[in-house]
Novice: 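Can you keep this structure in mind? I'll have questions shortly.
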Amino acid sequence: MTRFLWRVHPVRALFEAWLLGAIIVFGYSRLVGHVAPAAFNNGVLLLCGACGIWTVLRARLPKRGWLFQVIWELAVGFVLSLVMAVGLDWPARLTGLEVEWNKSSWGPRGITFLLLLTGPGYVATRIGVRLWLFWDRMRRRRMLWALTHAHLLVVVLAMVLAAVGMLLASPYVRSTTPLIVEAGDPMVQFADWLLLFAFPLGGLWALMTLFALAVVLPPSALFSFLVARRTTRRLEKLAAAATALRSGNYDARVTVAGEDEVAQLQSDFNAMADTLQSSLRDLQSERDTVKHLLQARRELIANVSHELRTPVTTVRATLDSALERWNENPPPTLRHDLQVMEGEVIRLQGLIDDLFTLSRAEAGGLTLECCPTDAGPIVQRMVEAVAPLAWRAGRVEVVADAPPGLPLAQADVERLEQVLSNLLRNGVRHTSPGGIVATAVSADTKHVSIVVRDTGEGIAPEVLPHIWERFYRGENHRSSDGGAGLGLAIVKELTEAMGGTVAVESTPGQGSCFTIRLRRSD
Ligand code: ADP
């Protein structure tokens with residue numbers, strides 16, 4: 001079909017139209033004397049229609065600017081009129097049909113006028129074709145027009161059927177039927193039926209349909225447009241939200257209205273946008289964490305170099321003074337210097353060990369040997385190790401409540417000792433003379449808990465969230481005996497590496513309570 005439509009050059013289309021006209025004229029001339037004379041009147045209209053429609057369908061649609069197109073179409077219409085009125089004159093004369101035409105009720109002028117009308121008819125129909133093609137393009141591109149089109153198709157169909165009904169009921173059918181003569185030749189009979197009945201009826205039907213459409217189509221189009229717009233508006237909003245989302249506006253959402261498929265689409269879109277937004281938020285927070293970690297690493301290096309400088313300087317100064325006084329001072333002074341040096345070296349070693357543990361934990365390289373462990377004896381042992389020193393140094397009592405027969409915990413003995421040692425030392429360090437640091441072990445259905453409670457100075461609420469950070473030292477930190485701010489960071493890392501948790505509760509002026517919860521091994 002597409003190979004036939006609007007494919008040939010207008011000159012060829014006009015030639016084809018003339019050829020078709022000549023064939024029809026020749027056919028009519030054979031019917032002279034066989035069909036009713038009135039049939040020839042209708043025959044002229046059929047001839048104009050056939051040649052005009054042929055040209056409309058065959059002639060190529062010009063593609064250049066609109067002015068060129070208008071001039072081009074008018075020119076083709078003009079030449080078509082000439083082809084019909086002048087070009088067909090020759091075959092009509094040759095076949096003798098002209099005589100018959102001249103005798104008809106329209107007369108020679110009327111016939112020529114009708115033939116000349118083919119050109120304007122062509123131009124009007126081509127305008128219709130353009131409008132149709134334009135509409136067709138629109139409905140393909142926009143859903144609103146596609147839906148309006150679908151509604152209008154129903155109206156057009158209704159009008160076509162209504163026109164058929166009206167036509168069949170009209171008196172024309174009854175007045176024309178008797179004109180069809182009973183002829184012996186079936187071809188003549190067919191031509192008579194075609195020219196007197198089928199064609200005029202078809203033409204009338206087309207005119208009535210056009211008229212009905214001209215009246216009904218505009219209001220129906222408006223109505224269909226308004227109905228279709230209700231649906232397409234929601235889709236347009238959805239499309240706009242999707243575009244906004246794609247261009248980075250992750251807050252874009254649509255209002256869910258109704259319960260149909262579009263509403264489903266709207267709520268699915270919103271859910272998708274929510275997921276996307278939360279995933280992005282997670283990614284951003286991951287990025288912040290990485291940034292934070294990198295910053296922490298930089299600070300770690302700065303702090304390490306700073307912390308290592310003090311003990312190294314002390315060791316060096318003590319060594320220098322020891323060497324200077326080597327000859328003048330008696331050995332007891334040397335002994336004191338060596339003790340200072342030993343103390344600083346122990347501090348240095350502790351610091352380096354802590355740093356090593358933390359950096360391994362950070363890199364995920366901590367080696368743990370977790371096995372079912374009885375936490376009670378470990379707590380007891382650690383308390384016994386710390387208690388004498390705590391009493392001697394600060395009159396702080398360290399006690400343990402570790403009943404035997406408690407369930408075993410999943411823990412690495414060495415790491416658990418390190419955790420307890422840090423907590424106990426902190427407790428002693430921050431408790432005034434006369435205070436108590438008490439440890440207790442207990443168990444529930446899933447966990448074994450170790451509590452280290454002291455009656456010390458406590459921790460301010462605003463400080464509490466920071467105590468687990470590396471190198472964080474609170475205001476109550478004493479430079480004389482305080483650590484580098486790594487103790488609790490190590491407690492947290494090691495406990496979590498063993499699959500446990502650590503929590504703290506503290507009231508300033510009353511004391512602190514650290515709770516380690518380890519998984520039960522059974
Ligand atoms: P440090 O080696 O400086 O003690 P930690 O990481 O062990 O570092 O502790 C960090 C900070 O938390 C300390 O400087 C101190 O302010 C506070 N802190 C820790 N344990 C206690 C406690 N039992 N009582 C009061 N404050 C504490």
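As the structure lists them, so they are numbered: ligands from 1, and atoms in each ligand from 1.
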Novice: Can you list the ligand 1 atoms lying under 4.0 Å from a non-hydrogen atom of G487?
Specialist: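 With G487 as reference, the close atoms of ligand 1 come out as 5 (P), 6 (O), 7 (O).
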Novice: R429: heavy atom below 4.0 Å from ligand 1, yes or no?
Specialist: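 Distance cut 4.0 Å: R429 passes for ligand 1.
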Novice: Run the contact test for S512 against ligand 1 with a 4.0 Å cut-off on heavy atoms, strictly below, and give the result.
Specialist: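 Yes, S512 has a heavy atom closer than 4.0 Å to ligand 1.
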Novice: Check whether more than 12 heavy atoms from other residues, nucleotides or ligands sit under 6.0 Å from atom CH2 of W66, and answer yes or no.
Specialist: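 No - once you tally the heavy atoms of other residues, nucleotides and ligands closer than 6.0 Å, there are 12 at most.
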Novice: Any Lys/Arg nitrogen of R520 or D444 sitting under 4.0 Å from an Asp/Glu carboxylate oxygen of the other?
Specialist: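 Answer for the salt bridge query: no.
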Novice: Which option, V491, I467, V504, owns the non-hydrogen atom nearest atom 12 (O) of ligand 1?
Specialist: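 Looking at heavy atoms only, the winner is I467.
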Novice: Under 3.5 Å, is there a donor-acceptor pair linking the side chains of S506 and S512?
Specialist: yes
Novice: Within the 4.0 Å heavy-atom shell around Y472, which atoms of ligand 1 are there?
Specialist: 10 (C), 11 (C)
Novice: Taking distance alone, with no angle check, do E457 and ligand 1 share an N/O pair under 3.5 Å?
Specialist: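 No, since none of the N or O atoms of E457 sits under 3.5 Å from an N or O of ligand 1.
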Novice: Enumerate the atoms of ligand 1 whose separation from the nearest heavy atom of I459 is less than 4.0 angstrom.
Specialist: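 Close to I459: 25 (C), 26 (N), 27 (C).
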Novice: Taking CZ in R395 as the centre, count heavy atoms belonging to other residues, nucleotides or ligands within less than 6.0 Å. Is the count above 12?
Specialist: yes
Novice: Looking at E369, I want to see if its CD is surrounded by more than 12 non-hydrogen atoms of other residues, nucleotides or ligands under 6.0 Å.
Specialist: no
Novice: How does R473 reach ligand 1, if at all, at less than 4.0 Å between non-hydrogen atoms: by side chain, backbone, both, or neither?
Specialist: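 Near ligand 1, R473 shows its backbone as well as its side chain.
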Novice: Should the proximity of D454 to ligand 1, defined as any heavy atom under 4.0 Å, be assigned to the side chain, the backbone, both, or neither?
Specialist: side chain
Novice: L423 versus V502: any side-chain heavy-atom pair under 4.5 Å?
Specialist: no
Novice: In residues 287-295, what donor-acceptor pairs under 3.5 Å come from side-chain atoms, sequence neighbours left out?
Specialist:
residue, atom, partner, partner atom, Å
T289, OG1, S285, O, 2.7
Q295, OE1, R298, NE, 3.4
Q295, OE1, R298, NH2, 3.0
Q295, NE2, E299, OE2, 3.4

Novice: Does E236 pair with R142 as a salt bridge, N-O distance under 4.0 Å?
Specialist: yes
Novice: Does L488 reach ligand 1 with a nitrogen or oxygen that is under 3.5 Å from one of the ligand's nitrogen or oxygen atoms?
Specialist: yes
Novice: May I ask whether S506 has any heavy atom positioned less than 4.0 angstrom from an atom of ligand 1?
Specialist: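 So S506 does not count as touching ligand 1.
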Novice: Against heavy atoms of G458, which atoms of ligand 1 measure under 4.0 Å?
Specialist: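 Reading through ligand 1 atom by atom, the close ones are 25 (C).
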